Engineer: 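Quick one: the structure is below, questions incoming.
Naming convention: chains lettered A, B, ... in sequence-line order (proteins, then strands); numbering from 1 in each chain. Since we're looking at a predicted model, the values are computed, not measured. Side chains are part of it too, since the values below use all heavy atoms of this structure and drop only hydrogens, waters and symmetry mates.
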There are 2 protein chains.
Amino acid sequence: MHTLSKNQQIIFDLIDKSPEPMKAYAILFNVQKKGIKAPLQVYRALDKLVEIGKIHKIESRNAFIACQNSSCQVSKATAFSICEICEKVTEISSASLSKYLTNFKDKDGMKYSKYNLEFFGLCKKCR
Amino acid sequence: MHTLSKNQQIIFDLIDKSPEPMKAYAILFNVQKKGIKAPLQVYRALDKLVEIGKIHKIESRNAFIACQNSSCQVSKATAFSICEICEKVTEISSASLSKYLTNFKDKDGMKYSKYNLEFFGLCKKCR
DNA sequence: TACATAGTGTTATATTATAACAATTTAAAT
DNA sequence: ATTTAAATTGTTATAATATAACACTATGTA
Ligand SMILES: [Zn+2]
Ligand SMILES: [Zn+2]
Ligand SMILES: [Zn+2]
Ligand SMILES: [Zn+2]
């Protein structure tokens, strides 16, 4: 188990409370009152939190979301659905999907244990 | 069929010749001798080329690659493998993968016709 | 022609992310 | 307990990625 440092905990708590993915400078703005003043302090905490699987980066949005899948602690095998209207992001936790992807073989017979999948569409509310 | 504008053609030709994904400012540097001087000119052409499916953005790398899959002309359903050492990127064109993903239903029974999948690992040469 | 749509050129600026260096804290190892 | 290594922090500066706003030009179509 991993105990978070002060900055890591502050930033994780903020992201974890947020109903939507947060961008790095929005995080910075929000934690300035807690003494975190510089972008680098935010990015360092983000890097570590991603590395240990507590948060994930939504690559197409340059934004960060808390892991919604308790089993994902170090995993780099992630899947999300993203609403193109309201930008709601949901982490997909599907055993059959992850099984399919980790077993997928490319033309050369190569398998991949790390992947990131982003689905785009409209969420329930926006349809 | 779509006929590319001057800037779009210049930038597409450059990306299409490149053996690896190109970043926007590397593109800019390379096309300055052809009269394209400003980032915005590059980004506008990139946006259009992505929109019509001639190129794809590798989101985790902020880089652009020509479509290696002649059937992808407007599609937003893309999959790539990325070598974590040499950064070689290959577009995956697998009927079974695309079928699996377009038919995938999330917890709410929702399907997605748009997705982007990036696999990470080591290419043949780097293993 | 007249009109709409797409593309261009340009300057300025916003957003996202890292380099480099010094100091401090934490956790382990002797 | 002391030494050592690893991780974290604080700070300033800067690099890399991307868009806003405005004026103008080309292209296709009615
Ligand atoms: Zn997760
Ligand atoms: Zn929505
Ligand atoms: Zn393609
Ligand atoms: Zn490689």
Engineer: Taking side-chain contact (heavy atoms from CB on, under 4.5 Å) as the definition, give me every residue that meets it alongside A:Ile36, ordered by chain and number, with sequence neighbours left out.
Structural biologist: A:Asn7, A:Ile10, A:Ile11, A:Val31, A:Gln41, A:Val42
Engineer: Does B:Leu28 belong to the same Ile/Leu/Val/Met/Phe/Trp/Tyr cluster as B:Leu4, with side-chain heavy atoms less than 4.5 Å apart forming each link?
Structural biologist: yes
Engineer: Between C:dT8 atom C1' and B:Leu4 atom CG, what is the distance in whole Å?
Structural biologist: 15 Å
Engineer: Once you measure the plane-to-plane angle for B:Phe119 and A:Tyr115, does it fall in the parallel (<30°), tilted (30-60°) or perpendicular (>60°) bin?
Structural biologist: perpendicular
Engineer: Nearest 0.5 Å, what's the NZ-CD distance between A:Lys54 and A:Gln9?
Structural biologist: 7.5 Å
Engineer: Return the value, rounded to whole Å, for the distance between atom CD of B:Gln9 and atom C1' of C:dA6.
Structural biologist: 16 Å
Engineer: Taking B:Lys114 first and then A:Glu84, would you say they form a salt bridge - that is, a charged N and a carboxylate O separated by under 4.0 Å?
Structural biologist: yes
Engineer: Using a 4.0 Å cut-off on protein heavy atoms (strictly under), produce a 5'-to-3' string for nucleotides 7-21 of chain D with B for base contact, S for backbone-only sugar-phosphate contact, and - for none.
Structural biologist: -SBBBB----BBBBB
